[in-house]
There are 2 protein chains.
Amino acid sequence: MATLAERPRLDDVLEDLGYRMTPPRRLLARLLGNKAGSFSAEAIIEELPTVGRATVYRTLKLLVDAGILCKTALPDGAPRYSFDDARHHHHVICANCGKVEEFRKPVVERLLRAMAKEVGGAVVGHRVELYITCADCL
Amino acid sequence: MATLAERPRLDDVLEDLGYRMTPPRRLLARLLGNKAGSFSAEAIIEELPTVGRATVYRTLKLLVDAGILCKTALPDGAPRYSFDDARHHHHVICANCGKVEEFRKPVVERLLRAMAKEVGGAVVGHRVELYITCADCL
DNA sequence: GCCATAAGTGATACAACATATCACTACTGA
DNA sequence: TCAGTAGTGATATGTTGTATCACTTATGGC
Ligand SMILES: [Mn+2]
Ligand SMILES: [Mn+2]
Ligand SMILES: [Zn+2]
Ligand SMILES: [Zn+2]
């Protein structure tokens with residue numbers, strides 16, 4: 001996960017992408033900017049009762065599409081959002097508390113690319129997730 | 001995916017697990033037994049209008065827990081069910097038509113296990129999915 | 001600074017994919 | 001045969017969104 005220090009300011013990001021700066025977006029930018037770890041969309045909705053559900057989901061999607069946030073899932077499929085860094089990567093997820101860390105493993109990437117050739121058809125992507133019980137949760 | 005020939009008879013499986021043989025389960029066993037590729041729960045519900053939604057979902061879960069079916073997801077998260085084989089494996093999924101194939105890659109397993117040690121905490125599992133556009137869809 | 005207008009908003013409805021309840025039914029083993 | 005429990009399905013509810021649409025507002029051009 002990107003540390004708070006190296007994170008882009010969300011309102012700058014949205015503005016740079018050509019989106020308008022509105023009060024709901026400022027509220028979201030401020031709230032998300034201080035989030036550590038991963039969070040659910042519904043948690044954000046509860047924390048910002050003045051912002052509509054649709055707006056929260058729309059903005060989260062904007063940020064995911066912009067590569068600022070990642071959308072992952074717990075083993076049971078429950079979606080989680082977390083900050084992204086720019087490079088291709090995968091996630092280590094605590095199945096208990098939902099904390100998300102990123103990892104890169106070039107060897108794994110190479111192997112998956114290699115395997116792709118054995119498979120008929122064109123590879124369009126892959127997903128790798130490692131589930132743990134984190135040190136804090138043990 | 002297990003070929004039809006080597007597939008266990010679903011009603012036998014359920015009976016062996018100690019479940020009762022009821023008309024809905026017989027209908028489900030017959031329908032699923034003839035399914036190729038992957039399918040959605042909702043498709044089954046439509047094809048068996050006399051069987052309740054809850055029963056379909058309950059039985060699918062039973063079969064997943066019994067290791068007879070796998071539950072996977074398309075890249076957009078839409079759940080798919082397909083026949084499983086007994087060994088640990090992962091999936092190659094056509095993002096277009098939903099066809100599911102299984103694969104095993106011991107090297108990848110070993111690498112993920114190795115990586116697990118670098119991570120603080122106890123590893124409880126992993127997920128690897130390869131998304132393709134299959135030959136038929138190209 | 002004003003203004004037109006396109007972008008954004010939020011209430012609400014709807015959708016997909018389930019799970020919880022609960023009164024009823026029917027397998028099953030004794 | 002029959003009691004007891006497993007199973008059923010109608011229905012309500014939950015989660016995670018997307019679609020609509022009338023309304024509001026941020027913004028760039030003047
Ligand atoms: Mn990868
Ligand atoms: Mn594996
Ligand atoms: Zn944890
Ligand atoms: Zn296909």
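By convention in this document, chain letters (A, B, ...) are assigned in the order of the sequence lines, proteins followed by strands, and residues within each chain are numbered from 1. Both backbone and side-chain heavy atoms feed into the values below; hydrogens, waters and symmetry mates do not.
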Is there a path from B:Val107 to A:Leu112 through hydrophobic residues (I, L, V, M, F, W, Y) whose side chains come within less than 4.5 Å of each other?
yes
Round to a whole Å and report the spacing from CZ of A:Arg80 to C1' of D:dT15.
13 Å
Side chain of B:Val51 (C-beta onward), nearest among C:dC27, D:dG17, D:dG9:
D:dG9
OH of B:Tyr81 versus P of C:dA16: gap in Å, rounded?
15 Å
Applying salt bridge (Lys or Arg N to Asp or Glu O under 4.0 Å), which residue pairs with at least one partner in residues 124-138 of chain B are found, sequence neighbours left out?
A:Arg127-B:Glu129, A:Glu129-B:Arg127, B:Lys99-B:Asp136
Provide the closest heavy-atom pair for A:Leu60 versus A:Ala41 in the form atom of the first, atom of the second, distance.
CD1-CB, 3.6 Å
Is there a side-chain contact between A:Arg25 and the phosphate of C:dT9, meaning an N or O under 4.0 Å from OP1 or OP2?
yes
Strictly by salt bridge (Lys or Arg N to Asp or Glu O under 4.0 Å), give each pair with a member in residues 38-55 of chain B just once, sequence neighbours left out.
B:Lys35-B:Glu47, B:Glu42-B:Arg53
Tell me the interatomic distance from B:Glu46, atom CD, to C:dA15, atom C1', rounded to whole angstroms.
13 Å
Assign each of B:Gly77 and A:Thr50 the nucleotide of DNA chain C bearing its closest heavy atom; nearer the 5' end lies the nucleotide of A:Thr50
Using residues 15-23 of chain A as the side-chain source, report each donor-acceptor pair under 3.5 Å to any protein atom, sequence neighbours left out, with the distance given to one decimal.
from    : atom 1 : to      : atom 2 : distance (Å)
A:Thr22 : OG1    : A:Arg25 : N      : 3.4

From CG of A:Asp65 across to P of D:dG17 the rounded distance in Å is 13 Å
Side-chain contact test, heavy atoms from C-beta onward, threshold under 4.5 Å: evaluate it for A:Thr72 versus A:Val100 and give yes or no.
yes
Using a cutoff of under 3.5 Å, can you pull out all pairs of nitrogen or oxygen atoms linking the protein to nucleotides 27-30 of chain D, with atom names and distances?
from   : atom 1 : to      : atom 2 : distance (Å)
D:dT27 : OP1    : A:Met21 : N      : 2.9

How close or far is atom P of C:dA7 from atom CG of A:Leu14, stated in whole angstroms?
16 Å
Go through it in stages, so that I can follow the logic: the residues are B:Val123 and A:Tyr131, the test is side chain to side chain contact (heavy atoms under 4.5 Å, CB included), and I'd like the CA-CA distance, side-chain angles, deciding distance and then a yes or no.
CA-CA 6 Å; B:Val123 175; A:Tyr131 295 108; over 6 Å; no
Identified side chain to side chain donor-acceptor pair (under 3.5 Å) partner of B:His90 from the options B:Glu102, B:Arg104, B:His126, B:Lys105
B:His126
For residues A:Leu48 and A:Ile44, determine if any side-chain heavy atom of one lies less than 4.5 Å from a side-chain heavy atom of the other.
yes
Less than 4.5 Å apart, any side-chain heavy atom of A:Leu62 and any of A:Leu14?
yes
Both B:Gly18 and A:Glu42 contact DNA chain D. Which one's nearest nucleotide lies toward the 5' end?
B:Gly18
Degree of bending, the helix from C:dG1-D:dC30 to C:dA30-D:dT1 (end axes from five pairs; round to 10°)
30°
For B:Pro79 versus B:Lys71, what's the shortest heavy-atom pair and its separation?
CB-CE, 4.0 Å
Roughly how many Å is it from CG in B:Leu74 to C1' in D:dG17, rounded to a whole number?
17 Å
Shortest non-hydrogen contact from B:Phe39 to B:Ser82?
CE2-CA, 4.4 Å
Find the distance A:Leu63:CG to C:dG8:P and express it as a whole number of Å.
13 Å
Close N or O pairs between protein and nucleotides 19-25 of chain C (under 3.5 Å):
none

Rounded to whole Å, please give me the gap between CD1 in B:Ile45 and C1' in C:dA15.
14 Å
